[in-house]
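Position 1 is the first residue of the sequence; numbering continues from there.
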Amino acid sequence: MANKRYTDAATALEGVLFDGMTICAGGFGLCGIPERLIDAIEASGVKDLTIASNNAGIDGQGLGKLLRSRQVKKMISSYVGENKEFERQYLSGELEVEFCPQGTLAERCRAGGAGIPGFYTKTGVGTQVAEGKEVKVFDGQDYILERGIRADLAIIKGWKADESGNLIFRKTARNFNQPMATAGKICVAEVEEIVPVGSLDPDTIHLPGIYVKRMIVGAPYDKQIEFRTVRERVSA
């Protein structure tokens with residue numbers, strides 16, 4: 001069994017990064033994001049990136065770091081509402097954005113990972129999402145053609161993995177990580193813990209190790225909160 005474990009994020013990404021590449025990044029907001037790998041990409045200085053991700057983090061956190069450093073040329077995203085720098089770059093023409101409905105984005109990555117070049121969906125019919133796309137009628141209703149996404153690299157965050165790369169995601173951190181992992185020609189995972197082969201119940205594994213080429217332990221993590229809200233104190 002090949003050793004998939006690397007000492008740190010920079011080492012795990014060595015020889016993988018290049019200018020103009022496409023990256024699929026797992027996570028949702030600041031939940032389940034590959035923090036250490038994002039930091040290593042920022043430190044590498046690689047530029048002109050196209051990144052497929054549900055969103056781009058927030059200002060100064062997550063993928064927002066790569067926007068701040070001007071390393072991203074294009075984002076393929078479904079939600080962009082919490083990042084002022086994203087908004088500024090988009091409105092000023094510095095950043096190309098391909099808006100993609102959330103379910104469609106997940107399916108485009110899943111399809112790419114399954115070797116499916118395209119599929120038809122009703123989502124987006126009659127909106128700007130459909131502009132320039134092929135429309136086909138099924139059972140009297142319009143559907144638009146969406147292309148599967150294949151990336152040069154997938155970066156994901158997992159909870160626990162064994163030494164062969166079989167991986168478990170924890171609760172909502174599973175979000176986009178699994179389809180993104182399959183869509184990359186190379187998948188690099190950061191996890192909180194790596195355990196010996198045979199330690200994980202096969203029925204609990206979310207991502208088979210065949211998809212994971214390299215991995216690191218990223219723990220410990222500081223929990224980042226996008227919005228901290230509390231109830232108003234009720235007077236007695």
Side-chain angles (χ1 to χ4, degrees), residues 1-2 4 12-13 15-28 32-34 37 41 48-55 63 73-78 96-125 129-139 141-158 161-162 164-169 173-191 200 202-215:
M1 180 181 66
K4 298 182 178 182
L13 292 172
V16 173
L17 302 176
F18 58 90
D19 292 346
M21 72 186 304
T22 298
I23 298 175
C24 277
F28 188 105
I33 61 172
L37 295 171
I41 291 172
D48 295 329
L49 301 174
T50 295
I51 300 181
S53 175
N54 179 67
N55 61 343
L63 292 174
K73 177 183 69 175
K74 177 180 178 179
M75 287 294 306
I76 305 173
S77 298
S78 69
E96 183 181 351
V97 178
E98 181 181 336
F99 289 109
C100 183
Q102 194 168 90
T104 301
L105 178 61
E107 179 61 12
R108 288 179 67 188
C109 294
R110 190 205 68 82
I116 299 170
F119 59 92
Y120 289 93
T121 176
K122 285 182 63 65
T123 304
V125 170
V129 170
E131 291 180 1
K133 296 175 182 175
E134 178 187 334
V135 178
K136 193 166 183 176
V137 178
F138 293 90
D139 300 323
Q141 299 189 51
D142 289 344
Y143 290 75
I144 59 175
L145 176 65
E146 292 283 2
R147 296 295 305 271
I149 293 176
R150 287 290 289 164
D152 301 297
L153 170 67
I155 54 173
I156 65 168
K157 163 74 184 302
D162 67 20
S164 65
N166 294 309
L167 194 148
I168 298 173
F169 302 107
R174 185 173 179 178
N175 48 57
F176 276 85
N177 277 295
Q178 197 275 343
M180 294 299 189
T182 67
K185 295 177 183 177
I186 296 175
C187 173
V188 181
E190 66 176 77
V191 297
L200 303 179
D203 286 337
T204 67
I205 291 170
H206 298 133
L207 183 69
I210 192 171
Y211 290 106
V212 178
K213 299 297 186 290
R214 303 178 180 185
M215 57 183 176

Does [X] reach the main-chain N or O of [Y] with its side chain, forming a donor-acceptor pair under 3.5 Å?
X    : Y    : value
R108 : R147 : yes
K4   : V212 : yes
R214 : C187 : no

Working to the nearest 0.5 angstrom, can you tell me the gap between [X] [atom1] and [Y] [atom2]?
X    : Y    : atom1 : atom2 : result
I33  : E190 : CD1   : CD    : 8.5 Å
Y120 : K136 : OH    : NZ    : 4.5 Å
I23  : L63  : CD1   : CG    : 8.5 Å
L13  : I186 : CG    : CD1   : 9.5 Å
I210 : S164 : CD1   : OG    : 11.0 Å

For the residue pair [X] and [Y], what are the closest heavy atoms and their distance?
X    : Y    : answer
G158 : L167 : CA-CD2, 3.7 Å
A181 : L207 : CB-CD2, 3.6 Å
L200 : I168 : CD2-CD1, 3.9 Å
I116 : R110 : CD1-NH2, 3.8 Å
V16  : A12  : CG2-O, 4.3 Å
N177 : G26  : OD1-CA, 3.3 Å

Partners meeting ring-ring contact (aromatic ring centres under 6.0 Å, His included) with [X] (sequence neighbours left out):
X    : answer
F119 : none
F18  : none
Y211 : none

Acceptor/donor pairs from residues 149-157 side chains to any protein atom, 3.5 angstrom cut, sequence neighbours excluded:
| unit_1 | atom_1 | unit_2 | atom_2 | d |
| --- | --- | --- | --- | --- |
| R150 | NH1 | T182 | O | 3.2 |
| R150 | NH1 | A183 | O | 3.2 |
| D152 | OD2 | T22 | N | 2.8 |

* Is it true that E146 and K133 have a side-chain N and a carboxylate O under 4.0 angstrom from each other? -> yes
Given side chains that start at C-beta, do those of [X] and [Y] come closer than 4.5 Å, heavy atoms only?
X    : Y    : value
L49  : M21  : yes
Q102 : F28  : yes
K73  : T50  : yes
T121 : I144 : yes
V125 : V135 : no

* Determine whether more than 12 heavy atoms belonging to other residues, nucleotides or ligands lie under 6.0 Å from atom NZ of K122. => yes
* To do: Kindly write out the residues that satisfy side-chain hydrogen bond (donor to acceptor under 3.5 Å, both in side chains) with S78, not counting sequence neighbours, or none if the list is empty.
  => N54
* **K74: partners by side-chain hydrogen bond (donor to acceptor under 3.5 Å, both in side chains), with sequence neighbours left out** => E98
